[in-house]
Each structure stands twice: as C-alpha cells, then as structure tokens.
Chemist: 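Here it is, the structure in full.
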Amino acid sequence: MNSLLGRFTIWQKLAIFGLLGFAVALPPTVMYLLSSNAGIRTARTESAGIEPSKALLRVIQYTQQHRGMSAGLLGGNTSMSGPREQAQVQVDRLIDETGAILNAAVRDGKIAASWTQATRNWKSLAQEVAQKSISGGQSFSRHTALIAEYLALVDQTADEFGLSRDPDADSYFLNSAVLVHLPNLTESLGQARALGARFLAQKEIKQEDRVVLSTVIGLSRFHLHNMKLALGKVADLNPALKAVLAEPMKQSAEAAEQAIRLTDEQVLRPDKLSFDAGEYFKTYTGVIDTQFGLNTRAMAELNDLMRGRETRMQNFQYSVLGFIALIALIAGAMGY
C-alpha cells in the first residue's frame, strides 16, 4: 500500500483520501437530507391547509346561523325575516371567497366535486326558505345535512394537507380539537339553537321533539368533553400553548355549559314554553361565536407551530451542513 501511494504526489494523495472520506460521509448525509426535507415539506403542507380549513369553518358558522334564523322564521317569529336575509347574503359571500381559496389550494378532484354539490344544495335550500315553501322541520333537516357535507369537506381537506396525520403530539391533538371536536361541538349547539328557537317561537314542544332535542344536548356534552380532553392534552404537552389558550378554553367551556343549561331549563323541562325565542337565539349565537373564537385563536397558534417547525428544521439542516463543511476543511488543513 505504501509503495502504491508513493507513486502519487502529495496533492494526489490528498485527493484520494478526500474522495474516500467523501464516499464514507455521503450516504448518511443524503439520508439525513432526505429525512429533514420530508419533515420540512410536511410542515409547509400542513401550514398551507390551515387557510382552506378556516374558510370552510366560516361557511359552517354562518350556515348554522342561517339554519337557526330560518327555524325561527318558519316557526312564526317574523322578527327573524330581515336577519335571515342578511345571513343568506353573508353565506353567499363566504361561499364565493371559500370557493376561490379551495380552487387555488386544493388539487383533489373529489374535494372540488363535493364542494360544487354542497354549494348547489345551499342555493336550492336558501331559495326555498326565502319563499317559505318548506316547513321548519324540513328546513332544519336540510340545513343539517348540508352542514354535514361541509364538515366532511373539512375532514377531507385535513387529509389532503396532512393535518390529520401530524407527527408531533401537541400539534396532533390541537388539530384534533380545532378540526374535529370544536366543529362538532358548534354543530350540536347549532342544532340546539335552531330546534329551541323553533319550539319557543311556536310556544309548543311535543314529546318526540323533546327526545330529539335531548339527544342533541347529549351530543353537545359529548363533544364538549372531547374538546376539553384534546385541549387539555395540548396544554400538558406544550406549556406555551397552555398559557395562550387557557383563558379562551375556559370561556368556551363555560359558555357551552351555559347554553346547555338554558335549553334544559327553558325548553326541555317546562310543560309550557314561555321563554323569548329571540333571546334564546341571541344567547346561543353568542355561545357558539365563543367556540369559533377559540377555534380561530387555536388555528392561529397551529399555524405558528407549523411555521416554527419548518424554520427550526431548516436552520438545523443548515447547521448540520455547515458543520460537515467545517470538518472537511479542518481535515483538509490537517492533511496538508
């Protein structure tokens, strides 16, 4: 070996040992770069999915309001006529905005097809409510089916952007809270708002209606429990998020419990209904807006988590590559 190397100049020897060192270092370096680049892409993709998800949740929020106003109007509360028209205009505007966001961000044809069908269903439903050509019960059922379509779109979008498969525990449970439990909580509360507003406007509730409303209230308790459980895990895993979300979490839970008590005391228990339908609707709307307020805050924190993760991984990648380059320079200098 020495006789063989003796035939080469010092520069040729350095080149040979350099190539050998490069060959040894290359495989783990490439594997690290592939892994870190995959992590960066995951964080970037998840971050890109937050805005479409937020847009869909806004559509859900105001479609739920339209359902409640329609229930009150079709139940005989004529004061809901103007607000319902305004809610329809608001939903139409949000649908246009959300459609543009989805078209720009989503590549899944199934999501596009589902969105197109949902918007058609909305236009047909809104027209029939405006013409009062359907009953309060029919309006409630069709609104609820439509919102179920929107919730399915939120789930599909979370899958499309990897939000439902987040690799970190704190952001995984935060995703679960803001994209599953909180939307389902607002939906069950929204159903209780619409049903209660209709029964109070009619000043009558049948036994079968009590059973339906009791079931909806039971679902609200279930989704509230799951939401608190998921956010509690987030708080345990990430003290910084706990500090930011503790107060909104408390307000959200207290408001939901207030709404549940209102329905129990003023709609389910009394033999004769006397509570004002408009006040019931107003109280519930404030409660549901509080849930969406928590969701908005939590999604902003989720976006910061994704961007922070991407930045940290990029910086660490640069540090590793810089360290490798430095070691190579030191080895070359020592060899020289």
Side-chain angles (χ1 to χ4, degrees), residues 44-70 80 82-130 139 142-164 174-175 177-180 182-187 189-190 193-194 248 285-286 288-307:
R44 189 174 297 157
T45 300
E46 287 189 52
S47 181
I50 290 175
E51 188 58 33
S53 300
K54 286 168 60 179
L56 285 166
L57 289 172
R58 284 194 294 269
V59 172
I60 289 172
Q61 180 180 6
Y62 287 96
T63 303
Q64 289 171 340
Q65 285 192 17
H66 185 269
R67 173 179 56 194
M69 293 172 181
S70 300
M80 286 291 181
R84 189 216 63 82
E85 291 176 5
Q86 294 173 6
Q88 180 178 338
V89 171
Q90 177 79 329
V91 174
D92 287 337
R93 181 181 65 80
L94 288 172
I95 283 176
D96 290 340
E97 293 176 0
T98 302
I101 292 171
L102 292 176
N103 288 336
V106 176
R107 297 291 176 264
D108 188 342
K110 293 181 180 179
I111 293 177
S114 297
W115 171 252
T116 299
Q117 184 58 53
T119 55
R120 288 174 182 166
N121 292 341
W122 157 252
K123 291 177 181 177
S124 172
L125 174 59
Q127 183 179 20
E128 291 184 47
V129 171
S139 170
R142 288 179 58 185
H143 273 94
T144 302
L146 173 61
I147 293 167
E149 293 181 60
Y150 290 144
L151 288 170
L153 277 164
V154 172
D155 183 66
Q156 289 175 282
T157 302
D159 289 343
E160 169 76 3
F161 290 92
L163 289 162
S164 55
L174 189 56
N175 272 314
V178 300
L179 297 176
V180 180
L182 262 168
N184 280 316
L185 174 60
T186 66
E187 172 53 9
L189 290 173
R193 172 177 57 187
T285 298
I288 294 171
D289 286 349
T290 299
Q291 313 309 312
F292 277 104
L294 170 60
N295 210 327
T296 298
R297 184 67 180 272
M299 291 195 81
E301 294 301 321
L302 178 62
N303 192 38
D304 288 345
L305 276 180
M306 297 301 104
R307 292 182 181 276

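Quick note: residue numbers are just sequence positions, from 1.
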Chemist: Just wondering, are more than 12 heavy atoms of other shown residues or ligands nearer than 6.0 Å to CZ in R58?
Modeler: yes
Chemist: What verdict does the salt bridge (charged side-chain N to carboxylate O under 4.0 Å, His left out) test give for K110 and E160, after you've listed the backbone C-alpha separation in whole Å, the side-chain angles of each residue and the deciding distance to 0.1 Å?
Modeler: CA-CA 10 Å; K110 293 181 180 179; E160 169 76 3; over 6 Å; no
Chemist: Walk me through it: do Q64 and F292 pass the test side chain to side chain contact (heavy atoms under 4.5 Å, CB included)?
Modeler: CA-CA 12 Å; Q64 289 171 340; F292 277 104; 3.6 Å; yes
Chemist: When rounded to the nearest 0.5 angstrom, what distance separates CG in L302 from CG in L174?
Modeler: 5.0 Å
Chemist: CE/M299 to NZ/K54 distance, rounded to the nearest 0.5 angstrom?
Modeler: 7.0 Å
Chemist: Take D92 and W122 through the side chain to side chain contact (heavy atoms under 4.5 Å, CB included) test and state the conclusion after the steps.
Modeler: CA-CA 9 Å; D92 287 337; W122 157 252; 2.7 Å; yes
Chemist: Any salt bridge linking E187 with R67? Criterion: basic side-chain nitrogen under 4.0 Å from a carboxylate oxygen.
Modeler: yes
Chemist: Using every non-hydrogen atom in the two residues, find where S114 and L153 come nearest and quote the distance to one decimal.
Modeler: CB-CD2, 3.7 Å
Chemist: What's the separation between atom OG1 in T285 and atom CD in Q65, rounded to the nearest 0.5 Å?
Modeler: 5.5 Å
Chemist: Output, in order, the C-alpha distance, side-chain angles, deciding distance and verdict of side chain to side chain contact (heavy atoms under 4.5 Å, CB included) for L182 and L57.
Modeler: CA-CA 10 Å; L182 262 168; L57 289 172; over 6 Å; no
Chemist: Going by an N to O cut-off under 4.0 Å, is there a salt bridge joining R142 and E128?
Modeler: yes
Chemist: Looking only at the side chains, is there a donor atom on one of Q156 and D108 sitting less than 3.5 Å from an acceptor on the other?
Modeler: no
Chemist: Using every non-hydrogen atom in the two residues, find where A298 and V178 come nearest and quote the distance to one decimal.
Modeler: CB-CG1, 3.3 Å
Chemist: Please evaluate residues L179 and D155 with respect to the criterion side chain to side chain contact (heavy atoms under 4.5 Å, CB included), reporting the C-alpha separation (whole Å), side-chain torsions for both, the decisive distance (0.1 Å), and the verdict.
Modeler: CA-CA 7 Å; L179 297 176; D155 183 66; over 6 Å; no
Chemist: Specify the closest pair of heavy atoms between Q88 and A130, including all atoms of both residues, with the distance to one decimal.
Modeler: OE1-CB, 4.3 Å
Chemist: Measuring from L102:CG to L56:CG, what's the distance to the nearest 0.5 Å?
Modeler: 5.0 Å
Chemist: Just by distance, no angles: are the side chains of N295 and Q291 close enough, under 3.5 Å, to form a donor-acceptor pair?
Modeler: no
Chemist: For L146, does its backbone N or O pair with a side-chain atom of N121 as donor and acceptor, under 3.5 Å?
Modeler: no
Chemist: Drop me the distance from R107's CZ to F161's CZ, to the nearest 0.5 angstrom.
Modeler: 8.0 Å
Chemist: Considering the options D289, T186, T296, which one meets the side chain to side chain donor-acceptor pair (under 3.5 Å) requirement together with Q61?
Modeler: D289
Chemist: Heavy atoms only: give me the nearest L151-I60 pair and the separation to one decimal.
Modeler: CD2-CD1, 3.7 Å
Chemist: Working to the nearest 0.5 angstrom, can you tell me the gap between L189 CG and N184 CG?
Modeler: 11.0 Å
Chemist: Given 3.5 Å as the limit, does a donor-acceptor pair link the side chain of T98 with the main chain of I95, or not?
Modeler: no
Chemist: Classify the side-chain pair N303/E51 by whether it contains a donor and acceptor separated by less than 3.5 Å.
Modeler: no
Chemist: State, to 0.1 Å, how close A87 and M69 come at their nearest heavy-atom pair, and which atoms those are.
Modeler: CB-SD, 3.7 Å
Chemist: So, the side chain of S124 versus the backbone of R120: is there a donor-acceptor pair under 3.5 Å, distance only?
Modeler: no
Chemist: Can you name the closest pair of heavy atoms from P52 and I101 and give their distance?
Modeler: CA-CG2, 3.9 Å
